[in-house]
Trainee: 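Handing you this structure, nothing more for now.
Numbered from 1 within each chain, the chains take letters A, B, ... in sequence-line order.
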Amino acid sequence: MSDVSVRFAPSPTGSLHIGGARTALYNWLYARHCGGKFLLRIEDTDKERSTPENIRIILDGMRWMGLDWDGEPVMQSERIGIHRPLIERLIDEGGAYRCTCTKDELDAKREAAQAEKRKYLYDRKCRDAGHGPDCGEHVVRLKMPVEGEIVVKDLILGDVTFNAAELDDWIIARSDHSPTYNFVVVADDHDMGVTHVIRGNDHLNNTPKQLVVYQALGFDIPAFAHIPMVHGPDGKKLSKRHGASAVTELREMGLLPEAVRNYLARLGWSHGDQELFTDAELIEHFDVANVNASATVMDFAKLEWINQQKILAMTPDALAERLLPYLIERGYSVEAGPWLTTLAANIQERFKNLVEMADHVRYFFEEPSAYDEAAVKKWFKADTGAILNEIADGLEALDPFDEAGIEGVINGVVEKHETKLGKVAQPIRIAVTGSSISPGIFETLALLDKERSVARIRKAAAHATQHQAEKQG
RNA sequence: GUCCCCAUCGUCUAGUGGCCUAGGACGUCGGCCUUUCACGCCGGUAACGCGGGUUCGAACCCCGCUGGGGACGCCA
């Protein structure tokens, strides 16, 4: 057991974003790789957005992703008690001070700065005023170094240098005494024993501020790793427009969580030329220090390809199990068993995701409501009606109704008419499934059963005859 | 605007000064296989943003430019 501890700290604003999921994944992989702890902290101090429902959504997302965390999730809102004394201590020790500047005053200065196209920085008016606890309404500000450099040592980016002159004495406690984010993060990370802070690149600018808190409080400074952002194909922040932005949508797209893990891990990280990884391989090889520094673009086509590879790698039994919920969702009456496993085996290498599969197999549960027009036009010829009826006759007499027998019947008809299998198989496929796409025709008929196969073929025979008559007339 | 980060095929990447006439994967295009759809197989297309250095030698090191992204709250 190593002493590495990492954490994922989402704020429950509605959904687990794909970018957030990747951050969580990298933390999880790194923790598992090191044999350390993966902690979860819900940053729920924003009363507006942090609803129990939103928290549930995040947790569900994490579970779906298969990212199991160690211990109970830490609710930031329940830890206010540990922050107050820390702030008092900082004031006492001179690392922070009370500031009585009003919001209006500050807003005016900010606007003035913007008007002059200057960067706004608090002017440190109260820094040396020595306001006591009874100075009235006030905030607490951190005394940042006035000059010099603050260097963030980052595992991915190397040393990132900030000029102290760019940073002002920011607020660590609001006028209602509640601590602000950049302060709380440090307090909580330290309290939770976090050794490696792995988070999105958008937090890089917060890091120098936090570094000063660590120093002022005398805390050990953790290692930092700022991972690049995930963008949509247009280079902008990933959003719903790009296909999906929340992990729940990934499930709705019929994607497997292991495929998502594989894809997201490979997005910004690599291990030679390897594309496909089991979770064990990911854990074995992943190191956050090897994550690329540049931003990435989400490619759903490649995600789907990986998903397909995962489907191909499964046993039919496992696939059946994964497919079942999607089937039930569609209202099909079906249960796990040999029949479903055979079905899974037959569609396994034909579709890229579970949704396509579930949608496709509809004809096993409901009679096709119509025939695909283009398919009918292409395959229903003058003798199709007769051939279909012959097939139906042959199948009706078949016992047992199995693939070998079905193949015998169909091949017999093919030979008799001196035609090709394709010319006969396609009309049957249309008859049975409504379209010209399905698994092998013998397997499909066997899976469907004799009664339904024969009935559908006879019905199509009638349709073919009528179709032909209409063409003539 | 200021600060910070980034920069190899359309996309994800390999590459850490000579092994690069830049490799792999997805996509795309062409072909084979084939009862449809797929799977599979074969082949093609396509990149070191630009300009200066450093060096015998630069995709790799340095500087500038350009381009993209992010951050600039009493939000997290």
Trainee: Using atom C1' of each nucleotide, how far apart are G49(B) and U66(B) to the nearest Å?
Mentor: 8 Å

Trainee: Do Asp188(A) and Arg7(A) meet the salt-bridge criterion of a basic N to acidic O distance under 4.0 Å?
Mentor: no

Trainee: Need the pair for A59(B). Rule: Watson-Crick or G-U wobble, both distances under 3.5 Å, any strand; none if unpaired.
Mentor: none

Trainee: Considering only atom P, compute the distance from U45(B) to G40(B) and round it to an integer number of Å.
Mentor: 22 Å

Trainee: Just to verify, what does His190(A) make a ring pair (Phe, Tyr, Trp, His ring centres under 6.0 Å) with, not counting sequence neighbours?
Mentor: Phe219(A)

Trainee: Using a heavy-atom cut-off of 4.0 Å across all strands, would you classify Phe442(A) as base, sugar-phosphate, or nothing?
Mentor: base

Trainee: Going 5' to 3' along RNA chain B, which are the first and last nucleotides with any atom under 4.0 Å from a heavy atom of chain A?
Mentor: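 In short, chain A contacts RNA chain B from G1(B) to A76(B).
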
Trainee: Got a sec? Which of residues 221-235 of chain A come in under 4.0 Å of RNA chain B, heavy atoms?
Mentor: His231(A), Gly235(A)

Trainee: Which part of the nucleic acid does Val297(A) contact within heavy-atom distance under 4.0 Å: base, sugar-phosphate only, or nothing?
Mentor: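 Contact class for Val297(A): sugar-phosphate only.
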
Trainee: Going by the side-chain hydrogen bond (donor to acceptor under 3.5 Å, both in side chains) test, which pairs reach into residues 138-155 of chain A, not counting sequence neighbours?
Mentor: Asp154(A)-His226(A)

Trainee: Paired with U54(B): which nucleotide, if any, by Watson-Crick or G-U wobble criteria at under 3.5 Å for both distances?
Mentor: none

Trainee: Determine the interatomic distance between C1' on G17(B) and the same-named atom on C48(B); round to the nearest Å.
Mentor: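 Nearest-Å result for G17(B) against C48(B) at atom C1': 15 Å.
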
Trainee: Please give the distance between the C1' atoms of A7(B) and C12(B) as a whole number of Å.
Mentor: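 After rounding to an integer number of Å, I get 15 Å for this pair.
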
Trainee: Can you tell me the pairing partner of G10(B) across any strand shown, Watson-Crick or G-U wobble, with both distances under 3.5 angstrom?
Mentor: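 The answer is C26(B), by the H-bond criterion.
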
Trainee: What's Glu304(A) touching, base or sugar-phosphate or nothing? Going by heavy atoms closer than 4.0 Å.
Mentor: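 Result for Glu304(A) = nothing.
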
Trainee: Considering only atom P, compute the distance from U13(B) to U8(B) and round it to an integer number of Å.
Mentor: 9 Å

Trainee: Using the C1' atom as the point on both nucleotides, what is the distance between G69(B) and C32(B), in whole Å?
Mentor: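 Looking at atom C1' only, C32(B) and G69(B) are 45 Å apart.
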
Trainee: Check every strand shown and say whether Ser50(A) touches a base, only sugar-phosphate, or nothing at a heavy-atom separation below 4.0 Å.
Mentor: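 Here Ser50(A) touches no strand at all.
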
Trainee: Scan Thr161(A) against the nucleic acid and name what it touches under 4.0 Å (heavy atoms): base, sugar-phosphate only, or nothing.
Mentor: sugar-phosphate

Trainee: Taking G67(B) as the reference, what is the distance to C56(B) when you measure between their P atoms (whole Å, please)?
Mentor: 35 Å

Trainee: Taking all non-hydrogen atoms of both residues into account, name the closest pair between Ala446(A) and Glu403(A) and its distance.
Mentor: CB-CG, 3.8 Å

Trainee: What nucleic acid atoms does Ile171(A) come within less than 4.0 Å of, heavy atoms only: base, sugar-phosphate, or nothing?
Mentor: base

Trainee: Salt-bridged, Lys103(A) to Glu105(A), with N to O below 4.0 Å?
Mentor: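 Glu105(A) and Lys103(A): not salt-bridged.
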
Trainee: Check every strand shown and say whether Ser270(A) touches a base, only sugar-phosphate, or nothing at a heavy-atom separation below 4.0 Å.
Mentor: sugar-phosphate

Trainee: Return the pairing partner of C37(B) with a 3.5 Å limit on both distances, Watson-Crick or G-U wobble; otherwise return none.
Mentor: none

Trainee: Report which part of the nucleic acid Asn292(A) touches: base, sugar-phosphate, or nothing (heavy-atom distance under 4.0 Å, all strands).
Mentor: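 Sugar-phosphate contact only - Asn292(A) comes under 4.0 Å of backbone atoms but never of a base.
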
Trainee: In the structure shown, which nucleotide is the Watson-Crick or G-U wobble counterpart of G49(B), with both distances under 3.5 Å?
Mentor: C65(B)

Trainee: Quick one: on RNA chain B, does Ile441(A) or Arg118(A) contact a more 5' nucleotide (nearest heavy atom)?
Mentor: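 Counting from the 5' end, the first nearest nucleotide belongs to Arg118(A).
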
Trainee: Would you mind telling me which of Leu303(A), Thr296(A), Val297(A) makes a side-chain contact (heavy atoms from CB on, under 4.5 Å) with Leu267(A)?
Mentor: Thr296(A)

Trainee: Tell me whether the rings of His271(A) and Trp269(A) are parallel (<30°), tilted (30 to 60°) or perpendicular (>60°).
Mentor: parallel

Trainee: Going by distance alone, is a donor N or O of one side chain under 3.5 Å from an acceptor N or O of the other, for His285(A) and Gln274(A)?
Mentor: no

Trainee: 5'-most contact on RNA chain B: Gly268(A) or Pro439(A), nearest heavy atom basis?
Mentor: Gly268(A)

Trainee: Going by the rule salt bridge (Lys or Arg N to Asp or Glu O under 4.0 Å), which residues pair with Glu258(A) if we only count those two or more places apart in sequence or in a different chain?
Mentor: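 Partners of Glu258(A) by the salt bridge (Lys or Arg N to Asp or Glu O under 4.0 Å) criterion, ordered by chain and then number, come out as Arg322(A).
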
Trainee: Taking the inter-plane angle between the rings of Tyr214(A) and Phe224(A) on a 0 to 90° scale, is it parallel (under 30°), tilted (30 to 60°) or perpendicular (over 60°)?
Mentor: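 Correct class here is perpendicular.
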
Trainee: Is Thr296(A) touching bases, backbone alone, or none of the nucleic acid, heavy atoms closer than 4.0 Å?
Mentor: sugar-phosphate

Trainee: If you measure from the Lys or Arg side-chain nitrogens to the Asp or Glu carboxylate oxygens, is any gap between Lys302(A) and Glu275(A) under 4.0 Å?
Mentor: yes

Trainee: Mind listing the residues from residues 355-391 of chain A sitting with a heavy atom below 4.0 Å of RNA chain B? Number order is fine.
Mentor: none

Trainee: Quick one: closest heavy-atom pair of Ala392(A) and Ile457(A), and the distance?
Mentor: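 So the two residues come closest at CB-CG2, 4.0 Å.
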
Trainee: Would you indicate what Gln308(A) reaches in the nucleic acid, counting non-hydrogen atoms under 4.0 angstrom: base, sugar-phosphate, or nothing?
Mentor: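 Since only primed, P, OP1 and OP2 atoms lie under 4.0 Å of Gln308(A), the category is sugar-phosphate.
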
Trainee: What's the gap between A22(B) and U16(B) when it is taken at their P atoms, as a whole Å value?
Mentor: 16 Å

Trainee: Answer with base, sugar-phosphate or nothing: what part of the nucleic acid does Ser294(A) contact at a heavy-atom distance below 4.0 Å?
Mentor: sugar-phosphate

Trainee: Can you find a pair of side-chain heavy atoms, one from Tyr181(A) and one from Asn206(A), that are under 4.5 Å apart?
Mentor: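 They are in contact (side-chain heavy atoms under 4.5 Å apart), so the answer is yes.
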
Trainee: NA contact type, Lys420(A), heavy-atom cut-off 4.0 Å: base, sugar-phosphate, or nothing?
Mentor: nothing

Trainee: Both distances under 3.5 Å, Watson-Crick or G-U wobble: report the partner of G1(B), or none.
Mentor: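 Base-paired to C72(B).
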
Trainee: Working note: Asp169(A) + Arg127(A), criterion salt bridge (charged side-chain N to carboxylate O under 4.0 Å, His left out); need CA distance, chi angles, decisive distance, verdict.
Mentor: CA-CA 8 Å; Asp169(A) 291 350; Arg127(A) 183 184 245 230; 3.0 Å; yes

Trainee: Which part of the nucleic acid, if any, lies within contact of Cys101(A), taking any heavy atom under 4.0 Å across all strands shown: a base, the sugar-phosphate backbone alone, or nothing?
Mentor: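 If one applies the 4.0 Å heavy-atom cut-off, Cys101(A) turns out to touch a base.
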
Trainee: Please work out if Glu275(A) contacts a base, only the sugar-phosphate, or nothing of the nucleic acid, heavy-atom cut-off 4.0 Å.
Mentor: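 Result for Glu275(A) = base.
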
